[in-house]
Amino acid sequence: MASITAVARLVHINPSSKLNPSLVSATKPLFTFFSLKSSYSPIVSSSAASLTSSRAMSYDKQLIAAKKAASLASLLCQNVQKGLLQSDVQSKSDKSPVTVADYGSQVLVSFVLQQELPSQAFSLVAEEDSGDLRKEDSQETLQRITKLVNDTIASDGSYKVSPLSESDVLTIIDCGTSEGGSNGQHWVLDPIDGTKGFLRGDQYAIALGLLDEGKVVLGVLACPNLPLESINNKNQNALTKSSSGCLFYAQLSCGTYMESLSGSPPVKVHVSDTENPEEASFFESYEAAHSSHSLSGSIANKLGVKAPPVRIDSQAKYGALSRGDGAIYLRFPNKGYREKIWDHAAGYIVVAEAGGVASDASGKPLDFSKGRYLDLDTGIIVTNRKLMPAVLKAVQDSLKEQALPSL
Ligand SMILES: Nc1ncnc2c1ncn2[C@@H]1O[C@H](COP(=O)(O)OS(=O)(=O)O)[C@@H](OP(=O)(O)O)[C@H]1O
Ligand SMILES: [Mg+2]
Ligand SMILES: [Mg+2]
Ligand SMILES: [Mg+2]
């Protein structure tokens with residue numbers, strides 16, 4: 001009952017009335033015209049773009065809500081990063097780190113989306129769950145998250161709600177357990193992508209996407225430590241300059257825009273249009289455990305790429321690629337690793353709407369309709385249309401060589 005009351009209060013419905021059906025996992029489209037969007041293809045051709053442009057306004061409200069949610073979550077993350085305490089970091093059962101900011105960001109995004117879109121069905125596929133926070137020894141951490149969230153909501157001032165209780169916070173975190181899929185609309189959230197980068201004081205992103213009938217139709221990437229200037233390998237010292245951070249956003253058939261997190265006017269961005277692999281610099285994960293640096297090195301050699309790789313954490317790589325800081329993003333996790341949709345959904349549409357393309361190593365487009373995981377062959381390649389055939393060939397040749405027994 002406590003959870004029903006908590007969530008009911010969030011959307012201003014009478015707690016004594018029946019639970020708003022819109023709060024239960026959404027599987028049906030709200031309006032019939034959403035289902036007409038099935039013509040969307042991850043590689044947006046100009047004809048597909050013109051076919052859908054008359055309906056592209058459909059996600060405007062969701063975009064405004066998503067930008068607000070990601071911006072507020074960024075504030076919380078920036079405050080935590082400034083004064084990171086050891087007790088703010090815990091280890092999840094898979095040994096990956098999670099911080100009070102990951103949880104706080106997830107609560108804020110879920111809260112803002114429900115506040116801003118009260119009449120819409122709400123389904124959220126998000127990285128974090130409340131399991132560890134419900135353990136006895138997490139009481140202090142939960143208190144800290146609750147205070148961080150309440151302080152951030154109060155500092156924003158737009159929501160006249162009483163402060164969230166710890167139980168509200170746990171309930172809201174668990175709004176993120178949706179399985180997603182190919183029916184209806186689902187938000188997809190990585191509350192902090194690049195937690196290791198966040199802990200190092202480096203790059204991280206709040207990554208929020210929206211799926212409609214299994215396709216990504218909207219994405220917002222807040223990158224609080226990414227400068228507005230290019231971070232291409234000639235300008236890597238831009239990464240050490242203080243900056244207000246970047247907000248990238250994209251809506252199906254409407255292009256990709258970037259503005260500063262402090263609210264500068266948006267600029268339309270486009271991926272690099274280079275056709276010459278020798279001029280193309282590439283991005284890869286900072287963490288070698290997340291993506292084979294030797295394999296991408298071999299691919300870059302085959303392509304004749306001259307510049308050294310730019311290694312930064314998180315989907316900030318997709319943001320940087322969308323504005324042409326580099327031309328290729330290569331990602332090759334260890335065999336057996338399953339990619340999650342929240343690690344790519346927002347970044348994917350930010351790049352696709354800026355004119356880029358993404359595929360797995362076999363050339364198949366990324367498929368976000370299969371639930372919480374992406375089903376892929378071997379790795380992820382993101383680049384512009386002109387370079388994709390050559391990059392794909394170099395990837396496949398390198399993978400074949402790697403599979404050969406060494407003499
Ligand atoms: N073993 C392994 N292989 C591949 N990927 C993994 C692995 N472990 C984790 N992750 C996921 O990587 C997410 C961080 O993104 P990046 O790899 O782009 O960042 S980094 O440069 O490596 O820091 C990171 O996202 P967050 O957990 O949100 O930080 C993970 O989902
Ligand atoms: Mg992630
Ligand atoms: Mg994360
Ligand atoms: Mg994580």
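We count ligands from 1, going down the list as the structure has it; atoms in each ligand are counted the same way. None of the values given here were measured: they were computed from a predicted structure.
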(message) I'd like to know if the side chain of Thr274 pairs up with that of Ser272 as donor and acceptor (distance under 3.5 Å, no hydrogens or angles considered).
(response) no
(request) Identify, by name, the N, O or S atom of Asp193 lying closest to the Mg ion (ligand 2). (result) OD1
(message) Less than 3.5 Å apart, any donor N or O on the side chain of Ser285 or Arg311 sitting next to an acceptor on the other?
(response) no
(request) Please state whether the separation between the Mg ion (ligand 2) and some N/O/S atom of Glu127 is under 2.8 Å? (result) no
(message) Within rounding of 10°, what is the angle whose vertex is the Mg ion (ligand 3) and whose arms end at O of Ile192 and OD1 of Asp190?
(response) 80°
(request) Give a yes-or-no answer on whether the side chains of Asp174 and Ser130 include a donor-acceptor pair shorter than 3.5 Å. (result) yes
(request) Identify, by name, the N, O or S atom of Asp343 lying closest to the Mg ion (ligand 2). (result) OD1
(request) Please check if any side-chain donor atom of Asn225 sits under 3.5 Å from a side-chain acceptor atom of Gln78, or the reverse. (result) no
